[in-house]
Amino acid sequence: MRISIHKRFVFLLSLLFVCSCNSGGEDMNVSDKGKSLSQKKIYFGHQSVGFNIIDGIKDIMNEDQELDLNIKETSDPKAFSEPLFAHSRNGENRDWQSKINDFQAKIQNGLGEKADIAFFKLCYVDVTEETNVEKLFKAYKQTMADLAQKFPDTVFLHATVPLKTANTGWKTWIKKLIGKDYIWEYVDNIKRNEFNDLIRNEYEDTNRLFDIARIESTLTDGSREIFKHNGKEYEAMAPDFTYDGGHLNKLGGKIVAKGLLKVIKNL
């Protein structure tokens, strides 16, 4: 749904505050007084949105002197001789099976015996109208369960798939007005919502869920970016967090990064 003028005004004020303060505002800080974050060995597999999140972590570190993570782009098990936040590209975009397989191979080839925490995320391009979300979820769930059993000392996080903004142009408005059942501007995000619901139902109570989609669809004032289709509500990325409808801008990267760091810290 469209954000009201009032909410947009409130958001712009908060954005100006964030940009004008060296600390990034209290909402951006992730305290590491106990050094729990910086002492962990973490692996994160991703593609382009993942780099946005890593940039967000670096931005937070620049503003919070208590947060000092050893960030390295690597998946080499030898690098895990010391605490670090390792990350690397994982699989091929538009091929979710390759991402599951690549992560599994990395864990089995050494990372599973080194990492305290390991996880990967899918990209919004991996889940589209053509995706069989039940097949995807079944493959993901089985692989992660097998890895957890084989490497009990590693904590495996689970992530929802990122979203894109919902097209609310005049063509979409007309389609909704005349009651069209098929609106192509919505179908990919609907599939992403369906997959994310499966992930939440399975892992939300484990405290090991990095809910990227929920973060992306929640504005700084707490309002939600929602679109409706055939009587149901679905999440979409808040336009204020992206520069192209899918990738995270500076503010979006920091907010999603903060969500990830909080999950890791609370393990």
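Because only heavy atoms are used, hydrogens play no part in the values below, and waters and symmetry mates are left out as well, while side chains stay in. Heads up: numbering here begins at 1 and tracks the sequence. Small disclaimer: the values here were computed from a predicted structure and weren't measured.
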Any side-chain heavy-atom pair from Lys121 and Gln47 closer than 4.5 angstrom?
no

_Are His158 and Tyr203 an aromatic pair, judged by ring center distance below 6.0 Å?_
yes

Quiz item: With a 4.5 Å heavy-atom cut-off, do Leu261 and Leu69 have their side chains touching?
Solution: yes

Are any non-hydrogen side-chain atoms of Lys232 and Asn230 less than 4.5 angstrom apart?
-> no

Original post:
How far apart are the C-alpha atoms of Lys72 and Asn70, what are their side-chain angles, what is the distance that settles it, and do they pass the side chain to side chain contact (heavy atoms under 4.5 Å, CB included) test?
Top reply: CA-CA 6 Å; Lys72 292 184 179 180; Asn70 179 22; 3.5 Å; yes

Considering only heavy atoms from C-beta outward, does the side chain of Arg192 approach that of Lys164 to under 4.5 Å?
yes

For Glu82, look at atom CD and say whether over 12 heavy atoms of other residues, nucleotides or ligands are found less than 6.0 Å away.
yes

Criterion salt bridge (Lys or Arg N to Asp or Glu O under 4.0 Å) on Glu202 and Arg208, from CA distance to verdict: CA-CA 11 Å; Glu202 185 69 26; Arg208 297 182 178 186; over 6 Å; no

dist Leu198:CG -> Phe137:CZ (nearest 0.5 Å) comes out at 5.5 Å

- Should Leu157 and Phe103 be regarded as members of a common hydrophobic cluster, given that ILVMFWY residues are connected when their side-chain heavy atoms come within less than 4.5 Å of each other, either directly or indirectly? no

Checklist entry - Centres of the Tyr186 and Tyr234 rings: under 6.0 Å? => result no

For Thr242 and His247, what are the C-alpha separation, side-chain angles and deciding distance, and is it a side-chain hydrogen bond (donor to acceptor under 3.5 Å, both in side chains)? CA-CA 6 Å; Thr242 179; His247 293 93; over 6 Å; no

| query | Do Glu235 and Arg214 meet the salt-bridge criterion of a basic N to acidic O distance under 4.0 Å? | reply | yes

query: In terms of ring plane angle, is the pair Phe120 and Tyr140 parallel, tilted or perpendicular, where the classes change at 30° and 60°?
result: tilted

For Leu37 and Lys265, the nearest pair of non-hydrogen atoms, with its separation, is CD2-N, 3.7 Å

When Ile264, Ile199, Ile215 are each screened for side chain to side chain contact (heavy atoms under 4.5 Å, CB included) with Phe210, the one that passes is Ile215

Interatomic distance, CG@Leu163 vs CG@Asp188, rounded to 0.5 Å, equals 11.5 Å

Query - Residues Arg94, Asp126: salt bridge by 4.0 Å N-O rule - result: no

- Just by distance, with hydrogens left out, do Ser88 and Tyr43 show a side-chain donor and acceptor under 3.5 Å apart? yes

* **Any side-chain heavy-atom pair of Lys191 and Thr128 under 4.5 Å** => no

Asp211/Thr160 under side-chain hydrogen bond (donor to acceptor under 3.5 Å, both in side chains): CA gap, chis, key distance, verdict: CA-CA 5 Å; Asp211 200 340; Thr160 53; 2.9 Å; yes

What one should report as the nearest heavy-atom pair of Leu111 and Ser75 is CD2-O, 3.7 Å

Would the distance check show the side chain of Thr74 and the main-chain N or O of Asp76 forming a donor-acceptor pair, the cut-off being under 3.5 Å? yes

Asn249 side chain vs Asp240 backbone, donor-acceptor pair below 3.5 Å:
yes

Separation between CZ (Phe80) and CD (Glu113), nearest 0.5 Å, reads 12.5 Å

Flag yes if Ile42 and Met61 sit in one hydrophobic cluster, no otherwise; membership is Ile, Leu, Val, Met, Phe, Trp, Tyr, and two members link when side-chain heavy atoms are under 4.5 Å apart. yes

In this structure, CG of Asp221 is separated from CG of Leu219 (nearest 0.5 Å) by 5.5 Å

* Let me see the working for Val127 and Leu136 under side chain to side chain contact (heavy atoms under 4.5 Å, CB included), right down to the final yes or no. => CA-CA 9 Å; Val127 182; Leu136 163 57; 3.9 Å; yes

* Which class fits the ring pair His46 and Phe44: parallel under 30°, tilted 30 to 60°, perpendicular over 60°? -> tilted

Query raised in the report: Do Lys40 and Ile117 have side chains that get closer than 4.5 Å, going by heavy atoms?
Result: yes

Legend entry - Flag side-chain contact, heavy atom, 4.5 Å: Thr218 against Ile255: no

Check: So, the side chain of Asn109 versus the backbone of Ala105: is there a donor-acceptor pair under 3.5 Å, distance only?
Finding: yes

Note to self: Please check this pair: side chain of Asp116 against backbone of Lys41, looking for a donor-acceptor N/O pair closer than 3.5 Å.
What the structure shows: yes

Would you say Asn207 and Asn266 make side-chain contact, with heavy atoms under 4.5 Å? no

Taken to the nearest 0.5 Å, the spacing of Lys141 NZ from Asp146 CG works out to 12.0 Å

Minimal heavy-atom distance between Phe51 and Glu73, with the atoms involved, is CZ-OE2, 3.6 Å

Output for pair (Leu147 CG, Thr154 OG1), nearest 0.5 Å, gives 9.0 Å

With Asp102 as partner, the option from Gln104, Lys99, Lys106 fulfilling side chain to side chain donor-acceptor pair (under 3.5 Å) is Lys106

Between Ala115 and Ala118, the two heavy atoms sitting closest are CB-CB, 4.4 Å

Glu63 and Lys254: CA distance, side-chain angles, deciding distance, side chain to side chain contact (heavy atoms under 4.5 Å, CB included) verdict:
CA-CA 11 Å; Glu63 299 166 355; Lys254 289 169 68 175; 2.8 Å; yes

